[in-house]
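A note on names: the letters A, B, ... follow the listed sequences, proteins ahead of strands, and every chain is numbered from 1.
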2 protein chains.
Amino acid sequence: MPPLNEQQLDQNREERREQIKRAALKVFAKRGIIGTKISMIAREAGISQGLTYRYYHSKDELFIDLVKDAMEETAEAFASLENMSGSPVEKIKDLTKKMLDTSNKHSFMLIQQVQTSDEVPNKAKEIVRQYPIPSFIEQLIPVFKKGQAMGEFCTGDPAKLLMLYFSVLSGLMLLPNKDEEGHQVLDVDILMKLIRE
Amino acid sequence: MPPLNEQQLDQNREERREQIKRAALKVFAKRGIIGTKISMIAREAGISQGLTYRYYHSKDELFIDLVKDAMEETAEAFASLENMSGSPVEKIKDLTKKMLDTSNKHSFMLIQQVQTSDEVPNKAKEIVRQYPIPSFIEQLIPVFKKGQAMGEFCTGDPAKLLMLYFSVLSGLMLLPNKDEEGHQVLDVDILMKLIRE
DNA sequence: GTCTATATGCAGATAGAC
DNA sequence: GTCTATCTGCATATAGAC
């Protein structure tokens, strides 16, 4: 009897892991690493509590894995602005919308959590430090300066203004916006008044 | 031998409670109710872990007591705007500054926590619900409308704009502003661009 | 009144059955 | 591979000593 296709088995395993990760991201983002019990993740994923440990050795390991993914996605999102078309204002607006999109939002919330809480594993903190946040914002500075030259953005130190803008954005993500039916509560245009004109 | 002054004893007890409350507010605000261990509060207050229970029967009870205080202070802060002098812009600016002041900040963070987390005791949620947040904001609507008439504030639905403004403020309080030397990181004037002109 | 020592309960992690 | 049952450790809360 020939052995079963090992690739197939590996892929099944990978899919399981993804299933757990999706469930975990959702719960971690909402309740924090301490507030999240493994049983909650298991329930969200529709598996038993014990099975989680066949895929991740510990809650921390799972959390760290998610943080790694989140940072990579964030780095991509910021980098993608380079080769985007549109005016500076439109670029920032698009990035804002992308960040607030529910699929990405949880990742940003996770990163936010790593930065603000000291209950997260040290390794998670290290990963986030590897990509210093200011470096993300630095990528936007040329775009912002161009916008200032065009009269789209207000005058002032670009780094400072961008930092404030993204702080506000981060802060708002932590709050529950009661969009029970998927309609965006937050008006991006109003938000952009912080840096406009 | 005459009995010791009972009032004196009561006052000592009250002072101890205040000492515990001060310590607890600081830790709860930063780490949340779950992330806060009784031992942390005790250490912050400079007393033993067990002694805390002579003054509060449980962690929840202590938390609830703090929420009660916080709501009362907040109600006062919003109500005080009525009989304040100054233009509408100045009133809102003052309120903002008051909220960001470290002594009040922790109270607002606590309330924020009650609203956003579902790990807090139900009784805390009830207390916060007793003073519906929209009612705080409603008190500001006349002020805001006056500001609009004077051309200080932008046009648009006052309730919505104020809600956004205070959401931003709340969100920012949750973030760690690295003001290690007491100098205000946050520029209130920039923040007010959200509702100005 | 305050501290140290102990009991209880819950959640992370493991072991063993199927 | 997955589930249920169990071990272990930590934090809340209590009891007892000073």
Side-chain angles (χ1 to χ4, degrees), chain A residues 1 3-24 27-28 30-66 117-124, chain B residues 1 3-24 27-28 30-66 117-124:
Chain A
M1 187 159 111
L4 280 177
N5 188 338
E6 286 197 10
Q7 267 196 330
Q8 177 63 30
L9 289 176
D10 268 16
Q11 194 186 326
N12 285 348
R13 184 170 173 80
E14 200 45 46
E15 272 167 22
R16 206 30 137 194
R17 275 176 78 99
E18 287 302 322
Q19 179 191 5
I20 293 171
K21 275 161 81 165
R22 272 194 302 276
V27 188
F28 275 138
K30 182 169 188 292
R31 319 192 43 124
I33 188 167
I34 302 285
T36 298
K37 311 302 167 203
I38 291 287
S39 59
M40 295 175 187
I41 295 172
R43 201 174 322 125
E44 177 74 31
I47 60 175
S48 76
Q49 193 253 47
L51 187 56
T52 315
Y53 287 95
R54 296 277 161 193
Y55 293 85
Y56 285 96
H57 291 40
S58 71
K59 188 164 84 163
D60 281 8
E61 190 189 299
L62 172 52
F63 185 84
I64 289 163
D65 205 25
L66 290 171
S117 164
D118 45 35
E119 291 152 353
V120 302
N122 273 323
K123 193 146 183 188
Chain B
M1 186 158 114
L4 279 177
N5 187 338
E6 287 198 10
Q7 267 197 331
Q8 176 64 30
L9 289 176
D10 269 15
Q11 195 187 328
N12 286 348
R13 185 172 172 79
E14 201 44 48
E15 273 167 23
R16 205 32 134 195
R17 275 175 78 99
E18 287 302 322
Q19 178 191 6
I20 293 171
K21 276 162 81 166
R22 273 193 303 275
V27 187
F28 276 138
K30 184 169 187 290
R31 319 192 44 124
I33 188 167
I34 302 284
T36 298
K37 310 301 165 202
I38 291 286
S39 58
M40 296 174 187
I41 295 173
R43 201 176 320 125
E44 178 72 31
I47 60 175
S48 77
Q49 193 254 46
L51 186 56
T52 314
Y53 287 95
R54 295 281 161 190
Y55 293 86
Y56 285 96
H57 293 38
S58 70
K59 188 163 85 165
D60 280 7
E61 190 189 301
L62 173 51
F63 185 84
I64 289 163
D65 205 24
L66 289 171
S117 164
D118 45 35
E119 293 152 353
V120 302
N122 274 322
K123 192 144 182 191

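T52(B) comes within contact range of no nucleotide atom at all, as no heavy-atom separation falls under 4.0 Å.
Nucleotide dA11(C) holds its P atom 10 Å from the CD atom of Q49(A), rounded to whole Å. Atom-to-atom, OH of Y56(A) to P of dA11(C) comes out at 23 Å; the value is rounded to the nearest Å. Straight-line distance from the CD atom of Q11(A) to the C1' atom of dG1(D): 17 Å, rounded to whole Å. Atom pair I38(B):CD1 and dT4(C):P shows a separation of 17 Å (rounding to whole Å applied). Rounded to an integer number of Å, the gap from K59(A) NZ to dT14(C) P is 14 Å. Rounded to an integer number of Å, the gap from I34(B) CD1 to dC10(C) P is 13 Å. Spacing between atom CG of L62(B) and atom P of dA13(D) amounts to 10 Å, rounded to whole angstrom units. Atom NZ of K37(B) and atom P of dC10(C) are 15 Å apart (whole Å).
The line from CG of L51(B) to CD1 of I20(B) is 6.0 Å long, rounded to the nearest 0.5 Å. The structure places CG of D65(B) at 4.5 Å from NZ of K21(B), a figure rounded to the nearest 0.5 Å.
Between dG1(C), dT2(D), dT14(C), one nucleotide has an atom nearer to the side chain of L51(A) than all others, and that is dT2(D). Residue Y53(A) has its side chain nearest to dG12(C) when only dG12(C), dT12(D), dT2(C) are considered. The side chain of Y55(B) sits closest to dG1(C) out of dC3(C), dG1(C), dA11(C). Here the nucleotide nearest the side chain of S58(A), chosen from dA11(D), dA13(C), dT4(D), is dA13(C).
Y56(A) approaches E61(A) most closely through the heavy-atom pair CD2-OE2, 3.5 Å.
A donor-acceptor pair under 3.5 Å is absent between the side-chain atoms of T36(B) and the main chain of I33(B), judged by distance alone.
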Output a table of nitrogen or oxygen pairs between the protein and nucleotides 15-18 of chain D separated by less than 3.5 Å.
| residue | atom | partner | partner atom | Å |
| --- | --- | --- | --- | --- |
| dG16(D) | O6 | R54(B) | NH2 | 3.3 |

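E15(A) and Q19(A) share no side-chain donor-acceptor pair at under 3.5 Å.
The closest side-chain heavy-atom distance from Q8(B) to N12(B) is below 4.5 Å.
The residues D118(A) and K30(B) are annotated as salt-bridged, a charged nitrogen and a carboxylate oxygen being separated by less than 4.0 angstrom.
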